[in-house]
Amino acid sequence: MAENGVGPLERGLAVLTELAHTPEGRMRAGDLARRTGLARSPVDRIATTLERLGYLRVEDRELVLAPRLMELGAAYLRGSAVAGPLAPLAERLADTLDESVSLAVPDGDAVRFVVQTVRRRALSVAFRIGDAVPAERSAAGTLAAVGWSEADFVRWRARREADPEDAGFPAVPRPRGGRGDEAEFRARVAEAAARGWAVDDQLVEPGLIAVAVPVTDAAGAFVCALSAVSHTSRHDTPGLVAVALEPLRRAAHEMSAALGARPAPNRSPAERRDPSKAAKSELGPEYLQSLARGLAVLRALGDTPGGGAGGRDDTPGGMTLSAAAEATGLPRATARRSLLTLEQLGYVAARDGRFRLLPRVLDLGYPLLSGLTLGELAQPHLSALAARLHHSASMAVLDGTGIRYVARASAGRIMRVSISVGTRFPAHATSMGRVLLAGLAPEERAARLAAADLAPLTDHTVTDPSHLAAILDRVARDGYAHVTEELENGLQSLAVPVHDRDGHVVAAVNVALHASPSEPPPATVLPALRDTATRITADTTASFTPPPA
Ligand code: PHB
């Protein structure tokens, strides 16, 4: 029966891909069934399973991709020879050129962006990490096609015939004014082969131009394309080539050298125990164990050096079947079935008995989810907390000597605390401000306090610097702050920190209560608040950040 076979993994990935290609990563189960051609009950079981894994949530009767899903794309990026090791060099080039710079790896007959360094202007040009563009519509893809065989061109032709509107590439607009034919593309590819660089003169959209050079490995094989991107209001294509080509070539040369000498990736702790057993016994037939296990295998492959390099079988690294079974705690036969399914679906490549992830893994929602702001990530968690406690919940970040609200959920009470996103308050008199100040390094904390106007806001506001310093020390030790009527009479609030993957405090979340004896004592609210902060922290750390230069 399909439950133990490859079916659920394949269908689960189809559901994720379908959701990932919607503008907001959400769809009703019925529509998903129609779009994927699946019956409703398998879609429901897939949704139950993915919800349990933290990859989906149900909101207003729609299935919504959840930030935790980024850990799949992050697994690919972590093992990538390009994303981590070359990102600092791309960043440096972007500084030199003062233009956006990107790195794209081949993915079938497309290229997929794995590094993006954006120069923000009013008119900023950027794909997101994980976005794919058809080879014929980018400078990067033109370079990737230099190495194509006739079989590759056959596949390219079939894709173009099946999808004349490029609907399979949600990141690119529909081609306007007709698209070039095969002869035109082949001529561009031949020219790129002869010159060693390629241009994109508004192939993606009007105004957008790019010049790209190849980055090759020690054997001279194409690994990725390095592009500088600009806009016709700043340069024409010959002008961009004139300023960017030499710096691009120098950077590509350094990148080739860096590919040879890259350090082992940061490994995340592998799950050595099969966690899907507990879920299975709890959820019964609604839980698709083979989907959960297949995704566990996919995540585990991210811990192998070279796990995601390039789009072809020309890079070292990868994981053996035994290693994948060991890393996931699964029986060999189960791990093998998952690997073969993933290979067949284009998420994994196998060579010499080793399996590694391919860039297509990024198609599972990564571009969409990695673009969420901290406030957007936090919003569903704050809403859930506010609904559970019947008190408003908020998130804020430090902004100079103050705090700035970035997300908020109100409790729907009559007497409510009316604060909106964007509101700024002095840090010293608020629970979130104290949590944020307490999380700073000592010099930084002292500097902010010295710059602050420690004015009293009520009769209770602590304004004495040494008293405040003692309070902040206690907040740092206890991991929460409780402030009663120091910001406003009648208001008390409790806050805890949200951390990044390095343990730094990046934001604070709070619950606001009336300062009245009829309200619950703050201690009873603390566990739920901490739980919310933990969930938000988990979401923010699911994405991939390249190591600093
Ligand atoms: C390209 O290579 O043509 C290219 C690269 C990055 C962009 C746009 C186009 O953001």
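Here, residue 1 is the first one in the sequence, and each next residue gets the next number. For ligands, and for the atoms within them, numbers begin at 1 and follow the listed sequence.
- Geometrically, ligand 1 and A139 share a nitrogen or oxygen pair separated by less than 3.5 Å.
- If you number the atoms of ligand 1 from 1 as listed, the ones under 4.0 Å from a heavy atom of D200 come out as 1 (C), 3 (O), 9 (C).
- Under 3.5 Å, the side chains of T117 and E91 contain no donor-acceptor pair of N or O atoms.
- A salt bridge does not link D95 with R92: none of the charged nitrogens is closer than 4.0 Å to a carboxylate oxygen.
- Within the listing of ligand 1, atoms 1 (C), 3 (O), 4 (C), 9 (C) sit less than 4.0 angstrom from a heavy atom of A210.
- Under a 4.0 Å heavy-atom criterion, V229 is in contact with ligand 1.
- Which parts of ligand 1 touch S102 is read off a 4.0 Å heavy-atom cut-off, strictly below it: atoms 5 (C), 6 (C).
- Classified by interplanar angle (parallel below 30°, tilted 30° to 60°, perpendicular above 60°), the ring pair F185/W148 is perpendicular.
- F153 carries R186 over the face of its six-membered ring, with the cationic atom under 6.0 Å from the centre and within 45° of the normal.
- Side-chain atoms of D60 never come within 3.5 Å of backbone atoms of E62 as a donor-acceptor pair (strictly under, hydrogens ignored).
- The parts of A140 lying near ligand 1 are both backbone and side chain, judged by heavy-atom distances below 4.0 Å.
- Atoms of ligand 1 found under 4.0 Å from any heavy atom of F127 (numbered from 1 in listed order, with element): 7 (C), 8 (C), 10 (O).
- R501 and T545 form a side-chain donor-acceptor contact under 3.5 Å, judged by distance and modelled atom types alone.
- With a 4.0 Å cut-off on non-hydrogen atoms, S227 touches ligand 1 through its side chain and not its backbone.
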